[in-house]
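One-based numbering along the sequence shown.
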Amino acid sequence: MIPDIDIENSEEPRVLCIVQDTTNAKTVNERLTLNLPASTTVNKLYEDVAHKAGYVNGTFCLAWANTGNMAPLDQASEMSLVLSGFEAGKRNFLQLTDKDGEQPQIASDESGTADSSGLEDSSQDRFIGPLPRDGTVGCSSDYSSPSYSYSSILNKSDTGYVGLVNQAMTCYLNSLLQTLFMTPEFRNALYNWEFEESEEDPVNSIPYQLQRLFVLLQTSKKRAIETTDVTRSFGWDSSEAWQQHDVQELCRVMFDALEQKWKQTEQADLINQLYQGKLKDYVRCLECGYESWRIDTYLDIPLVIRPFGASQAFGSVEEALQAFIQPETLDGPNQYFCERCKKKCDARKGLRFLHFPYLLTLQLKRFDFDYTTMHRIKLNDRMTFPEELDMSPFIDVEDEKSPQTESCTDSGAENEGSCHSDQMSNDFSTDDAVDEGICLDNTSSTERVLKPKSSLTFELFSVMVHSGSAAGGHYYACIKSFSDSQWYSFNDQHVSKITQDDIRKTYGGSSGSRGYYSSAFARCVNLCVFAEFLEVEDFPEHIKRLMQREKESEEQEKRQREIERNTCKIKLFCMHPVKMMMVENKLEVHKDKTLREATEMAYKLMDLEGVVPLDCCRLVKYDEFHEYLERSYEGEEDMPMGLLLGGVKSSYMFDLLLEIRRPDQVFQPYKPGEVMVKVHVVDLKSESIAAPVSVRAYLNQTITEFKQLIAQATGLCAETMRVVLERCYNDLRLLYVPNKTLKAEGFFRSNKVFVESSDSTDHQAVFTDSVLWKLLDRHGNTIRLFVSLPEQSPGSLANRTSCPKASADSEDSLEGAKGSRKSVETILEESTEKLKNLSLQQQQQQQQQHQQQSSSTSDSQKSSEHSDFEHIESPAQEPDAASQSSQTENCTRAASDTENQFPSEDRSDSDANNDRSTSSVDSDILSSSHSSDTLCNADSGPLPLANGLDSHSITSSRRSKAHEGKKETWDTAEEDSGTDSEYDENGKRKADSQYLYFKAEPYSQEDGSGEGQKCLLVHVDKRITLAAFKQNLEPFVGVPSTQFKVFRVYANNQEFESVRLNETLSSFSDDNKITIRLGRALKKGEYRVKVYQLLVNDPEPCKFLLDTVFAKGMTVRQSKEELLPQLKDQCKLDLSIDRFRLRKKTWKNPGTVFLDYHVYEEDINISSNWEVFLEVLEESERMKSMSQLAVLTRRWCPAQMKLEAFREVVLESSSVEELKEKLSELSGIPLENLEFAKGRGTFPCDISVLEIHQDLDWNPKVSTLNVWPLYICDDGAVIFYRDSTEELMELSEEERNELMKKESSRLLKTGHRVSYSPRKEKALKIYLDGGPTKDPGQD
């Protein structure tokens, strides 16, 4: 399906412009579409947009949308659209904006409204948008422009008709509605029907909404009106507007819906009276003359353009009608069983017209299906139709008086008014010697009555046209008015006069690529007097009342638009005194309302009645982005808002704030030129930063004056005050020059400063070495993270929280331990020798630290200012000071406290191994008892958080050094990613000038099961390395940092492992989520690898096996040796090391075969989250050298229409001759008859067996494989080969179709290319109950 745009000729490219009107809140979601020639000038574009939007040209601007360039297009430019940056054949997005702050002027009422999307025809000489162009309907000889062939568009006062707005792809609906409106009999009958509001909701009543639409089409002053009310009565939602359907299908469905709605009314049989005809479906025995028949009804006659299997189309409607009633002979296997003869006999089967309706509808079946290409197609052959059609040659006069009650069935109810004529697509017999009469035994020849010819002559009055292809296009209608016999083109919102010559151009066939004629309505001319349209004065009373209501509604809409044009709409903010949060709303106030009245409106809008008095509120000018109060409006309470805000605009560069004061306070005047300063008071003793206090200052004030201003607001001493300005992130500037102005220091509209006033000696220190700087630096770099911890295995938590000792009997102090320390070390030794040594070093070094801490805990922990930054806080704090006298007691209490915070839970083995990255060795390690070295660190109790701090204001806890003396980080860190880290292996600055802050506290996050997920709320300095971050998490996870992995969780819940230990957390931000998973973390030079099995002959050739770890310097054979036990345990694959290989994986394509002696990072490039193929071999490895080439070959057998299985061929060189020799040996095909071709696309290069024989580039004329067009330079290429002497199997049409279905199904399952993939179509339905009932099981 393509958008509703006209398919233009190829002489000149087209430019599609989509314009968003941003000048009004009601139009901001609407789009104006213009399809213009590329040679159109920018000046002309402005005129076209003005007419289509209903604005006066010159009162608005056009600018590019979705780009940084907001400068408007030059309205006076005579440059073409292409030279001005527009792209032909693509969508160009523009924005319609106000000019000089004033909204566009609306054009006069005669030209319609903005909603009508109409054009000012008096000055417009061409069509805009999806209108038929050169050689199409609407062409007139009196139009001189070579680009367009329509006459000038006439405004409503000239044509007298109103257009219909295209909702998106509802052109087919508009065409049908205009045709029904121009049918006097249908319109008058619809007017005579009266809606009973007590019986039905008017919104869901289809006849009532059609009635309203017709009244508006007849009486409205608008250029075009909307059809949304009609489609809403159909039960359609907005998505239906983007579905294009066949106009004939809509006609049948809508007629059926009207019949249902009109039951038990005078109009119950209206559709049948106007549009229903009758025909006979008969079968006549050629031996005895017996005829079996039934009478069917029809609402339209479908006519074949081109008979099935024929290359020549019918030249006229008369020929197609003759073919429609032409009978076919049933003979051979298709013989008919005669009831009279009691045997199968040859027979004639056909259709005969018995009765034609008053309004005859013909449908040309231009849409067909090509079974060769399996594509839907549109037949563009020329087919003529006359202005008057004589149907007397096609009537069965013998049956006019015949009984119509025998075997009569109304097929119209079953097939939406279509006759039973499935045989019409078949080849029609050319035998003219056909008896058109009925059974001679039933009817006498004296009963035959010949109707006069004049009674069967129909006059053409409506042609519905489809311009485009089978995939989509555009509908419009050409309709003849019976009041003046003038033809008009109804093309959505555009109505124009056309001529009879234009109608003839809809026959099709002229342009070769488009056939327009879709369906036609003809009117019987046998009546002496035609029905006339009801005039306004002759309307029934209920229609007059409806017309009056619509007129009043239109006037109200006009007044509302005028109000909208004079309404100021601006954002309004208020710090709500009850909700204690900033509330946002939109204030809509008429430009003539005073500031006092606007304040009262804002007061009510913010629900402040009864909360604060009105006289305690005022409106001030506000900048939300900078949180800056620009000015107040003292003495301007009676000024109109239009003057105060600078006019009515679509958007403002500022906002309004409803400021509230206490009854005992006085509003402070805010003058232009003042700056807003948020002052945070810093307390060095408590290391807290208070909530901000707002102070207003002038840019020409000095620092001394500014300090005095702050002293008045905060009560601090100005003489000892230090003021630090934070201009941007991590930019702290001490304001120490007394006579320097705020402007010179870089103050702007809104600023943030930190002030401190104390007698501390910290004043004497250099600012960057002071405690104040360290505290502010920590404040600016601390982020908050949510860390999800893994579940613990049963009993392991108690073991992990026990404190190790240096003595040999340390195991005796572990309660509930399930294994000795020796057993743990044995497991570690089996995993890696380094891990064992690392654990011993950790014990010794940590015990030394514990001893130092134990000797110092008896003293005050706040003996010096520097002690505030000494230690990392433990996960649990014990307030009892006596607990610190013994290290063992402290560890025990910490363990107990930790158990309370994280109650142990049972976990199955399957859960413990849920993470694919956890190997069997990892599982043994994780199930053993471990002690948390860092759990024994003691620290003082946490300091209270300052009130009112945001998420960045983490200032209550002490910062501490990263762990020292540990070699674990260095031993487990992956190599740096090519950049010099600012930190050493312990996560500390190399300059040793920065202590990094870390604080964690547990919190519970409820999951769907009602159980809380164990989580940590971590406040950490984002300059810390991942290695140091993991070390700090050790006490909470319960295992060393080498035994767990860190995964970053993104917005879509995707998780990615963080593995670069020397990188900092600078890429993290507040409230980011982290998941911790158990499993061995990567060491230096290690990479995590995903292993997939390559199954070349399976429907799914790529199967995931497991995750493993490869290390730099490891050979391929060593990695295969490590894979063997993992493959056996996890994948149940018991392989020999010489019977499988590893090879490169690029998406699903197999690549280079890795030889056993290859070394990772030397011969094979490896990276994080690398993927590799494992391929099981049927025999020992034949690839021994990098000079060899392994290709996958597959034989194509055209005589059997099948492909054989893949077989690998190993070549010693890139010679084509060697490839052919190997293929000849493999298949037995003589060398001179062997042809080959390279497969296309991704492995396995699937292709339909119906296409492979001719679509591939067979037998390329090259001597080597590494040149064009083959370019086979690596292992894994796919080669198809065949015997050139083998003939292709001949298939019947049925066999070909069956094979095509199988191949399409096979290729769809494998995800490869299919020749034809039709779009999913949505059935056209009209819901009589107001809308579809949604399946509760569906989303």
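The OG atom of Ser481 sits 8.5 Å away from atom CD of Gln486, with the distance rounded to the nearest 0.5 Å. To the nearest 0.5 angstrom, Gln493 atom CD is 5.5 Å from Lys52 atom NZ. The CG atom of Asn174 sits 9.5 Å away from the CG atom of Asn491 when rounded to the nearest 0.5 Å. Distance check: Ile479 CD1 to Ser489 OG gives 9.0 Å after rounding to the nearest 0.5 Å. Expressed to the nearest 0.5 Å, how far CG of Leu299 lies from CD of Gln363 amounts to 12.0 Å. Taking CD of Glu550 as the start and CD1 of Ile225 as the end, the distance is 9.0 Å to the nearest 0.5 Å.
Between Tyr358 and Gln273, the closest heavy-atom pair is CB-O, 4.1 Å. Looking at every heavy atom in both residues, Lys222 comes nearest to Glu557 through NZ-OE2, 3.2 Å. The shortest non-hydrogen separation linking Pro540 to Leu534 is CD-CD1, 4.4 Å. Residues Val247 and Tyr172 share a closest heavy-atom pair of CG2-O, 3.5 Å. Here the closest heavy-atom approach between residue Glu249 and residue Leu1324 is recorded as OE2-CB, 3.7 Å. Here the shortest heavy-atom pairing between Ser233 and Ser205 reads CB-O, 3.9 Å.
In this structure, Lys558 does not pair ionically with Glu554, as no charged nitrogen and carboxylate oxygen lie closer than 4.0 Å.
Counting non-hydrogen atoms of neighbouring residues, nucleotides and ligands closer than 6.0 angstrom, the CD atom of Gln264 reaches no more than 12 such neighbours. Counting heavy-atom neighbours within 6.0 Å of Lys1325 NZ, excluding the residue itself, gives a total of 12 or less.
Contacts of Ser238 classified as side-chain contact (heavy atoms from CB on, under 4.5 Å), with partners at least two apart in sequence or in another chain: none. Taking the side-chain contact (heavy atoms from CB on, under 4.5 Å) definition, one finds that Arg545 meets it with Glu194, Glu541, His542, Arg549, sequence neighbours left out. With sequence neighbours left out, Glu387 forms a side-chain contact (heavy atoms from CB on, under 4.5 Å) with Lys480, Gln500.
Taking 4.5 Å as the limit, some side-chain heavy atom of Leu258 sits within range of a side-chain heavy atom of Pro207. The shortest distance between side-chain heavy atoms of Trp193 and Lys261 does not fall below 4.5 Å. In this structure the side chain of Tyr1327 never reaches within 4.5 angstrom of the side chain of Asn204, judged on heavy atoms. For the pair Tyr275 and Thr297, the minimum side-chain heavy-atom distance is 4.5 Å or more. Two residues are said to be in side-chain contact when any heavy atoms from C-beta on lie closer than 4.5 Å; Arg252 and Asp300 meet this criterion. At least one side-chain heavy atom of Phe461 sits under 4.5 Å from a side-chain heavy atom of Thr183. The shortest distance between side-chain heavy atoms of Val253 and Phe234 does not fall below 4.5 Å. Side-chain contact between Tyr476 and Gln178 is absent, with no heavy atoms from C-beta onward closer than 4.5 Å.
Under a 3.5 Å cut-off, the side chain of Asn192 and the backbone N or O of Asn188 do form a donor-acceptor pair. Put simply, the side chain of Glu226 never gets that close to the backbone of Val165: no donor and acceptor are under 3.5 Å apart. Proximity of a side-chain donor or acceptor of Gln209 to a complementary backbone N or O of Pro202 within less than 3.5 Å is detected. Looking at Gln267, its side chain never comes within 3.5 Å of a backbone N or O of Leu190 through a donor-acceptor pair. Proximity of a side-chain donor or acceptor of Arg14 to a complementary backbone N or O of Asn35 within less than 3.5 Å is detected.
Relative orientation of the His245 and Trp236 rings is tilted, given thresholds of 30° and 60° on the angle between their planes.
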Could you walk me through whether His474 and Asp492 pass the side chain to side chain contact (heavy atoms under 4.5 Å, CB included) test, one step at a time?
-> CA-CA 10 Å; His474 179 61; Asp492 289 336; 3.2 Å; yes
Please test Met391 against Leu360 for side chain to side chain contact (heavy atoms under 4.5 Å, CB included), starting from the C-alpha separation and ending with a verdict.
-> CA-CA 10 Å; Met391 295 296 289; Leu360 178 64; 4.0 Å; yes
Ring pair (Phe, Tyr, Trp, His ring centres under 6.0 Å) between Phe314 and Phe324, intermediate numbers included = CA-CA 11 Å; Phe314 297 122; Phe324 184 82; over 10 Å; no
Could you walk me through whether Tyr55 and Ile106 pass the side chain to side chain contact (heavy atoms under 4.5 Å, CB included) test, one step at a time?
-> CA-CA 5 Å; Tyr55 293 144; Ile106 307 295; 3.3 Å; yes
Under the side-chain hydrogen bond (donor to acceptor under 3.5 Å, both in side chains) rule, what do Asp201 and Tyr208 come out as? Steps first, then yes or no, please.
-> CA-CA 10 Å; Asp201 185 356; Tyr208 176 70; over 6 Å; no
Intermediate values then yes/no, side chain to side chain contact (heavy atoms under 4.5 Å, CB included), Leu303 and Phe385 | CA-CA 12 Å; Leu303 300 179; Phe385 48 89; over 6 Å; no
Check the pair Thr227 / Gln167 against side-chain hydrogen bond (donor to acceptor under 3.5 Å, both in side chains), numbers first and verdict last.
-> CA-CA 8 Å; Thr227 58; Gln167 296 182 37; 2.9 Å; yes
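In summary, the aromatic rings of Tyr298 and Phe353 are positioned with their centroids under 6.0 Å apart.
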